[in-house]
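Have a look at the structure below, then the notes.
Below, chains carry the letters A, B, ... as their sequence lines are ordered, and counting in each starts from 1.
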Amino acid sequence: MITKPKGTYDLIGLDSKLYQYIYNTVNEYMINYHYEFIRTPVFEATELFHRTVGDNTDIVTKETYDFVDRGNRNITLRPEGTAGVVRSVIENKLYGNRNDALKYYYIETMYRYERPQAGRYRELTQFGVEVFNSNSIMIDAEVISLGYNILKDLGIDNFTVQINSLGDKESRENYTMALKEYLKPHIEELCSDCQERFKKNPLRILDCKVDKDNSILKNVPKLNSYLNKESLDRYNKLKTLLTHLDIDYEENSSLVRGLDYYDDIVWEYVTDNDNLALGGGGRYNHLVKNLGGPEMPAIGFGMGIDRVINELKKILEGKGEIPHNIDVYIMGISEEEKIAGLKIAQDLRLNNVITEINNSDLSFKSQFKVADMLQAKFLLILNNNDLAKGLINVKDNATKEEIKVDENEIVDYIIGNL
RNA sequence: GCGGAGUUGGUGAAGUGGUUAACACGGUAGAUUGUGGCUCUAUUAUGCGUGGGUUCGACUCCCACACUUCGCCCCA
């Protein structure tokens with residue numbers, strides 16, 4: 001038997017239902033918030049991701065899906081959404097005749113060559129937004145609240161928005177130096193991974209799972225105190241705006257995100273139960289220029305749909321709710337009954353009634369079982385005698401009451417009683 | 001890249017180096033001559049992740065690999 005590749009999954013059953021639900025909700029929100037849908041290629045030149053992410057992390061050396069195509073091009077399957085959108089904005093000069101914010105959203109699969117574990121797959125799906133050409137803190141507030149409002153609307157309420165400011169490049173460099181200065185005498189007391197991080201990415205030490213209760217890390221200099229006036233003002237303004245928009249947030253001074261292209265505001269949507277990030281984002285005011293575009297501020301976030309699906313499943317299990325399936329199941333045995341049923345099914349379907357019909361040679365007993373499995377609300381039990389009189393037997397599958405309805409009124413009857 | 005635990009039917013699973021792989025749910029058919037969900041009866045894995053090896057004999061022991069799952073690194 002041929003099995004699916006490691007770390008992938010088939011979107012089936014309840015998962016696929018929830019995916020559609022999320023997909024539809026996201027699209028609705030994006031339209032109302034006036035974000036334009038953008039789709040970029042699944043694969044891009046490897047160099048794009050290397051330049052976006054930087055060359056010094058494990059991400060580039062062991063966590064991307066790289067291959068050489070038949071034309072000897074170095075290609076990488078996109079591991080995240082930002083790089084492709086930024087590339088497209090630059091390449092298509094989408095900023096050319098605009099002086100307002102450019103707002104894009106995507107819903108796409110991503111590929112990461114990782115060892116699978118809880119909430120981590122090799123093929124994952126994210127939705128996200130990227131906004132260009134505005135450095136207004138109002139945009140930061142809009143983007144953060146957009147992700148927040150979507151999650152809330154989906155029915156997820158056990159999460160928290162964690163925010164932090166990394167400051168601008170200068171502030172961050174000053175802070176990094178101060179942090180290293182502070183940690184240097186204690187470096188031997190930290191875990192071996194932190195000793196490695198000290199050299200490669202000192203800010204990540206703040207995120208360490210092993211040393212998180214270590215008094216050395218608890219007394220570490222605060223990032224916020226190294227912010228310059230402008231960054232601090234922005235951060236304070238953001239907090240005011242989020243409160244203004246009724247967004248519950250939490251400040252997390254050790255939230256740094258992994259990549260060094262972020263400036264100023266960063267945030268994550270974190271579940272309360274298991275502290276898993278459903279999504280996160282930040283400002284990246286220098287990335288566009290670094291990738292060959294003009295000086296242009298930008299901000300964005302990505303949300304892991306796979307993780308959101310898992311959260312929704314937990315919530316549904318807790319409530320014991322089974323998602324709605326179909327409205328009407330049409331039953332019949334003889335050829336005439338089935339053919340009559342097919343027309344009725346079409347009439348119902350054209351009127352937005354979710355309808356299924358028996359097409360096989362199943363006994364009534366079996367058809368009832370199918371109807372129950374599909375959680376049909378109404379059963380249309382066709383028989384030749386009544387059909388000849390223009391009547392249809394309608395059974396309410398909740399009350400078990402059965403009545404005969406004129407075939408010309410069946411659609412209205414169903415719609416009126418759903 | 002590193003480590004732990006797993007892999008038996010549509011599902012949940014038990015199992016032993018030795019002819020036919022428990023049990024339950026589900027499915028199908030019938031008792032019920034075209035209106036079910038209860039009950040009863042029959043039936044439902046030529047197969048125990050894949051490939052090798054040991055053995056008279058392997059689902060059971062050994063090795064490798066694949067996949068699942070939970071962590072580490074990393075986290076876009």
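The side chain of Ser366(A) places an N or O atom within less than 4.0 Å of a non-bridging phosphate oxygen (OP1 or OP2) of U28(B). Between Gln117(A) and U69(B), a side-chain N or O to OP1/OP2 separation shorter than 4.0 Å is absent.
Two rings, from Tyr329(A) and Phe368(A), have their centers 6.0 Å or more apart. For Tyr9(A) and Tyr121(A), the ring centers sit closer than 6.0 Å to each other.
The partner of A66(B), taking Watson-Crick or G-U wobble pairs whose two distances both stay under 3.5 Å, is U7(B). If you check G1(B) for Watson-Crick or wobble pairing at under 3.5 angstrom, you find it paired to C72(B). The partner of U19(B) is absent, by the rule that a Watson-Crick or G-U pair needs both atom distances under 3.5 Å. Partner assigned to A42(B) is U28(B), using Watson-Crick or G-U wobble distances below 3.5 angstrom.
The side chain of Lys400(A) sits closest to G37(B) out of C75(B), A29(B), G37(B). When each of A76(B), A29(B), U35(B) is scored by its nearest atom to the side-chain atoms of Pro79(A), the top-ranked nucleotide is A76(B). Relative to the side chain of Glu337(A), the nucleotides A76(B), G34(B), U68(B) differ in distance, and G34(B) lies closest. Ranking A76(B), C75(B), G1(B) by closeness to the Arg115(A) side chain, first place goes to G1(B). Closest to the side chain of Asp193(A), out of G37(B), C75(B), C73(B), is C73(B). Looking at the side chain of Phe364(A), the nearest of the listed nucleotides U35(B), A76(B), G34(B) is G34(B). Listed candidates were A76(B), C74(B), C70(B). Nearest to the side chain of Ala118(A) is C70(B). Among the nucleotides C75(B), A31(B), G34(B), the one closest to any side-chain atom of Ile333(A) is G34(B).
Nucleic acid contact for Ile381(A): base, since at least one base atom lies under 4.0 Å from a heavy atom of the residue. Residue contacts for Arg78(A): at a heavy-atom cut-off of 4.0 Å it reaches no nucleic acid atom on any strand shown. No contact: Gly128(A) has no heavy atom under 4.0 Å from any strand. Among the protein residues, Lys369(A) comes within range of the sugar-phosphate backbone only, with heavy atoms under 4.0 Å from sugar or phosphate atoms but none that close to a base. Nucleic acid contact for Leu362(A): none, since no nucleic acid atom lies under 4.0 Å from a heavy atom of the residue.
Counted by atom type alone, Asn228(A) and Ser231(A) present one or more donor-acceptor pairs between their side chains at under 3.5 Å. Judged purely by distance below 3.5 Å, without hydrogens or angles, the side chains of Asn252(A) and Ser254(A) pair a donor atom with an acceptor atom. A side-chain N or O of Asn27(A) and one of Tyr105(A) form a donor-acceptor pair less than 3.5 Å apart. A donor-acceptor contact closer than 3.5 angstrom links the side chains of Tyr284(A) and Glu130(A). Checked by atom type, the side-chain pair Asp153(A)/Tyr29(A) shows a donor-acceptor distance below 3.5 Å.
Between C62(B) and C25(B), the distance separating the two C1' atoms is 36 Å to the nearest Å. For the C1' atoms, the distance from C59(B) to C48(B) is 4 Å, rounded to whole Å.
One N or O donor and one acceptor, one from the side chain of Arg120(A) and one from the base of C74(B), sit under 3.5 Å apart. Checked by distance alone, Glu402(A) brings a side-chain donor or acceptor within 3.5 Å of a matching partner on the base of U35(B). Taking only distance into account, the side chain of Lys62(A) meets the base of C73(B) through a donor-acceptor pair shorter than 3.5 Å. At a cut-off of 3.5 angstrom, the base of G1(B) holds no donor-acceptor pair with the side chain of Glu114(A).
For G47(B), the base adopts the syn conformation, since its glycosidic angle falls within 90 degrees of zero.
Each of Gly119(A) and Glu268(A) lies near RNA chain B, and the nucleotide nearest Gly119(A) is the one positioned closer to the 5' end.
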